[in-house]
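Okay, structure first, notes after.
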There are 2 protein chains.
Amino acid sequence: MVARRVLKYAILGLLRKDDKSGYDMTSDFKQAIGQFWSAKHSQIYTELKKLLEEELISSYIELSGEKLEKKMYTLTEKGKEDLHTWLLTQDDHLETEKDVFALRLYFLKDIPSADLLALFENQLNLRTDKLNMLQEQFAYYFGEENPAEDLDADELGHYFVLTKALSREENYIHWLMESMDIIRQRQLGE
Amino acid sequence: MVARRVLKYAILGLLRKDDKSGYDMTSDFKQAIGQFWSAKHSQIYTELKKLLEEELISSYIELSGEKLEKKMYTLTEKGKEDLHTWLLTQDDHLETEKDVFALRLYFLKDIPSADLLALFENQLNLRTDKLNMLQEQFAYYFGEENPAEDLDADELGHYFVLTKALSREENYIHWLMESMDIIRQRQLGE
DNA sequence: GACCGCATGTAACTCGTTACATGATTGA
DNA sequence: TCAATCATGTAACGAGTTACATGCGGTC
């Protein structure tokens, strides 16, 4: 069984502290949590409508300025319960972590060896940019030091997500560089 | 722009060397390449039908025994060209690497601290099993040594995919253990 | 004879993206 | 005044899962 209705719980989770609009959630998915789940505004608005019908959230209108309406959503008691049940759910298996670069690489015999390093370099650039972005985020929220002891429970979730994303990217880059060395070695021997 | 029709190219790629049936491909997605892309048989058969219509592959029937028919697929010239173009495509951005465990963790403030370590332990078990399975696969195909220099171009793709998956799981486990230490430290201070 | 793996397919549904559509607010 | 950002929504389509449906082949 595949993890079901993840977006539903991502949205309920985003509402656990503050009321938010669909637009706010769209922005959240561009921040830290977007490293591990994301959705476009079209999908978010559709899901919000469904969650309202299911009475897991309720809504009210807030004005920004004179006319512009923000539809704010709040967790209902039912929504809180559903979220808390889900938070304690243990996964019974791991999903395939899809990665188009690795897939392409599996077929590398059909990639001319002159083009292979260029593909790696492109991936290295993308990953390096992402790592830099994450390091900036980390420094902004937590400073340059490793502050795990001083954090409150709320910041700790953010801390874990950022350290997870950082270590993922560092590891990816490390593997890319090792693999590029292997390719260069082989090309010398050609 | 999101990477489009990845399954199409995964299938064309799997056919680059040998003819295969839909069933064979379903098995392939349970092996090494399944670490980075996978699909159920229902989706594979549907895609094969589409690729036939597009004339990127052709098919013929092979018998296993007296009656059991295997429908074997072959890359056409058009299919080969399409695959080779795709293999040289550079990604211009990275997709969100979805991870339900990390998502759940972001909301950790709402997880009772007694349950938190159990969630981590569950994830650690899943990841450890996966790492062991990958290590066995690696040992089976490449032996215990690091043989990158002796491989032909075809094995190298397999080698990269396996080392990538291994380093991903090792890194995941390392981060899990570090995070569990932090949680234990904090619980002592409670 | 029963069970497991081999083998192929379709239908209904859910999830996710792209494109279409509209309008307000803020700051340069 | 122009552009970027704020703000919400729907429609069409593509991707992926689950369930339904059927039959052969080998082995215990």
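Computed from C1' positions of five pairs at each end, the angle between the two local axes of the helix from C:dG1-D:dC28 to C:dA28-D:dT1 equals 30°, rounded to 10 degrees.
Between A:E66 and A:S38, the residue anchored closer to the 5' end of DNA chain C is A:S38, taking for each the nucleotide with the nearest heavy atom. Residue A:A39 is the one, among A:K67 and A:A39, whose nearest nucleotide of DNA chain C lies closer to the 5' end (criterion: closest heavy atom).
Taking atom NZ on A:K40 and atom P on D:dT8, their separation rounds to 18 Å, with Å as the unit. Whole-Å rounding puts the A:Y9 OH to C:dC15 P distance at 11 Å. Note: CZ (B:R5) to P (C:dT18) measures 15 Å, nearest angstrom. Note: CD (A:E95) to C1' (D:dA15) measures 15 Å, nearest angstrom. Between the CD1 atom of B:I61 and the C1' atom of C:dC6 there is a distance of 15 Å, given to the nearest Å. Protein atom CD1 of B:I44 is 14 Å distant from nucleotide atom C1' of C:dC6, rounded to whole Å. Summarising the geometry, the separation between CG on B:L63 and C1' on D:dG26 is reported as 17 Å, rounded to the nearest angstrom. The CZ atom of B:R4 sits 9 Å away from the C1' atom of C:dT17 (whole-angstrom rounding).
Inter-residue side-chain proximity for B:I183 and A:F160 is flagged as met; some heavy-atom pair is nearer than 4.5 Å.
Defined by atom type and a distance below 3.5 Å, a donor-acceptor pair is missing between the side-chain atoms of A:T85 and A:D82. The closest side-chain donor-acceptor pair between A:D99 and A:Y172 falls under 3.5 angstrom.
No engagement by B:K8 is indicated, since no non-hydrogen atom pair under 4.0 Å with the nucleic acid exists.
Checked against the 6.0 Å centroid criterion, the rings of B:F101 and B:F120 qualify as a close aromatic pair.
In this structure, B:K109 places its NZ atom where only 12 or fewer heavy-atom neighbours from other residues, nucleotides or ligands lie under 6.0 Å away. Shown here is A:E55, whose CD atom has no more than 12 heavy atoms of other residues, nucleotides or ligands within 6.0 Å.
At a threshold of 4.0 Å, the pair B:K50-B:E47 does not count as salt-bridged, since none of the basic side-chain nitrogens sits closer than that to a carboxylate oxygen. Note on B:R186 versus A:E155: no salt bridge recorded, every NZ/NE/NH1/NH2 to OD/OE distance being 4.0 Å or above.
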Checklist entry - What is the per-nucleotide protein-contact pattern of nucleotides 7-13 of chain C, from the 5' end, where B denotes a base atom under 4.0 Å from a protein heavy atom, S denotes such proximity for sugar-phosphate atoms only, and - denotes neither? => result BBBB---
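Taking the side chain of B:L7 as heavy atoms from C-beta on, and the options D:dG16, C:dC15, C:dT18, the nearest nucleotide is D:dG16.
By the 30° and 60° cut-offs, the orientation of the rings of B:Y159 relative to B:F138 is tilted.
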